[in-house]
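Reckoned from all heavy atoms, side chains included, excluding hydrogens, waters and symmetry mates. Convention: sequence-line order gives letters A, B, ...; per-chain numbering from 1.
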Number of protein chains: 2
Amino acid sequence: MTQLAEKYDVFQAIADPTRRHVLQLLAASDKPITHISEHFAISRTAVVKHLKILEQAELVSAKKKGREKIYTLHVERLKEIEDWLQYFDLFWDNKLAQLQNFVEKE
Amino acid sequence: MTQLAEKYDVFQAIADPTRRHVLQLLAASDKPITHISEHFAISRTAVVKHLKILEQAELVSAKKKGREKIYTLHVERLKEIEDWLQYFDLFWDNKLAQLQNFVEKE
DNA sequence: ATTTTATAATACCTTATGGTTGCATGTCAA
DNA sequence: TTGACATGCAACCATAAGGTATTATAAAAT
């Protein structure tokens, strides 16, 4: 979290439950930091660190508005995960087919 | 990795590139540890630790066959991720609609 | 019976992760 | 112009993560 790592990818970003929750909050609407951190039991500083990681993964971005910093979700970035999962769809379908075959033979 | 953590979930499991690669290898066919670790530059011990994490996430399981331990993928477990992503589909569709709206007005 | 192969178990190391507190700075409202 | 509010930043901390190397054990093959 001590953002020494130069780049966080989407898979690492969604590994943490807090970060997944943040993404869902932002899906509903753009939000400033304070508003986001109110949803968690951890400190604001900790939430900010999570936001930075999400930012590095380009899952969110922020724009300053007065004294607030408003975060926005970039849903499109989740496609990277969907794409990876798609690789397994083939095998998933195979499993279903095997099952169907088994049922038919009964 | 020092499997002190009692439970790894699917999201944590797929966060690591090596583990994602292992899953793809196993998608093709069941494999014993040695065969799997041949695909990586890291030590067999390290690969085994990754396999244990995948096992905890129930993404794979193993059965002993003679002196070999053969690992099998459980694709179904990836559904958990698909389900989570589905939550965002709505917002993704909204984005597309907005874009379409924008294009039409031009 | 001995060697080879496949895995298991342990100890150890370095860096990343997720969190904290305290203090500084910028901005809006009275 | 003085608080109050929103954020920024630095230092620090404990534990998890990812890796290594070494030694032990079980099963095949010679």
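Across D/dT20, C/dT7, C/dT20, the shortest atom-to-atom separation from the side chain of B/Lys69 is found for C/dT7. The B/Ala46 side chain lies nearest to D/dG19 when the options are D/dT7, D/dG19, C/dT21. Relative to the side chain of B/His50, the nucleotides D/dA17, D/dG19, D/dT20 differ in distance, and D/dG19 lies closest. Taking only side-chain atoms of B/Ile33, from C-beta outward, the nucleotide of D/dT7, D/dT22, C/dT7 with the closest atom is C/dT7.
Distance A/Arg44 CZ to D/dT7 C1': 6 Å, rounded to the nearest Å. Counting to the nearest Å, the P atom of C/dA6 and the CD atom of B/Glu38 are 8 Å from each other. Atom CD of A/Glu55 and atom P of D/dT7 are 13 Å apart (whole Å). Atom CD in A/Gln56 sits about 13 Å away from atom C1' in C/dT17, given to the nearest Å. Rounded to whole Å, atom C1' of C/dT27 lies 11 Å from atom CD of A/Glu68. If you take CD1 of B/Ile70 and C1' of C/dT5, they are 14 Å apart, rounded to a whole angstrom. Here D/dG18 presents its C1' atom at 14 Å from CZ of B/Phe40, a figure rounded to the nearest Å. Regarding A/Leu51, its CG atom lies at a distance of 15 Å from the P atom of D/dA6, rounded to whole Å.
A donor-acceptor pair under 3.5 Å is formed between the side chain of A/Arg19 and the backbone N or O of A/Gln12. Using a distance-only test at 3.5 Å, with no hydrogens or angles considered, a donor-acceptor pair links the side chain of B/Arg77 to the main chain of B/Ala57.
Dashed line: the shortest gap from a side-chain N or O of B/Tyr8 to OP1 or OP2 of D/dA16 is not under 4.0 Å. At the phosphate of C/dT20, OP1 or OP2 sits under 4.0 Å from a side-chain N or O atom of A/Ser43.
Under 3.5 Å, the side chain of A/Lys49 and the base of C/dG19 form at least one donor-acceptor pair of N or O atoms.
Two residues are said to be in side-chain contact when any heavy atoms from C-beta on lie closer than 4.5 Å; A/His39 and A/His35 meet this criterion. Here the side chains of B/Leu78 and B/Glu82 are not in contact, with every heavy-atom distance at 4.5 Å or above. Using a 4.5 Å heavy-atom threshold, the side chains of A/Gln56 and A/Asp9 count as separate.
A search for side-chain contact (heavy atoms from CB on, under 4.5 Å) contacts involving B/Ser43 returns B/Thr45, B/Ala46, not counting sequence neighbours. Taking B/Phe11 as the reference, B/Trp84 meet the ring-ring contact (aromatic ring centres under 6.0 Å, His included) condition, with sequence neighbours excluded. With sequence neighbours left out, the ring-ring contact (aromatic ring centres under 6.0 Å, His included) criterion links B/His74 to no other residue.
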Side chain to side chain donor-acceptor pair (under 3.5 Å) between A/Tyr71 and A/Glu55, intermediate numbers included
CA-CA 9 Å; A/Tyr71 276 88; A/Glu55 230 176 324; 3.2 Å; yes
Sequence neighbours left out, cut at 3.5 Å: what donor-acceptor pairs do the side chains of residues 20-31 of chain B make with other protein atoms?
from    : atom 1 : to      : atom 2 : distance (Å)
B/Arg20 : NH1    : B/Ile14 : O      : 2.7
B/Arg20 : NH1    : B/Ala15 : O      : 3.1
B/Ser29 : OG     : B/Lys31 : NZ     : 2.7
B/Asp30 : OD2    : B/Thr72 : OG1    : 3.3
B/Lys31 : NZ     : B/Leu25 : O      : 3.0
B/Lys31 : NZ     : B/Ser29 : O      : 3.0

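Rounded to 10 degrees, the angle between the two end axes of the helix from C/dA1-D/dT30 to C/dA30-D/dT1 is 20°, with five pairs used at each end.
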Could I get a table of every N or O pair under 3.5 Å where one atom is in the protein and the other is in nucleotides 28-30 of chain D?
from   : atom 1 : to      : atom 2 : distance (Å)
D/dA28 : O4'    : B/Arg67 : NH1    : 3.4
D/dA28 : O4'    : B/Arg67 : NH2    : 3.3

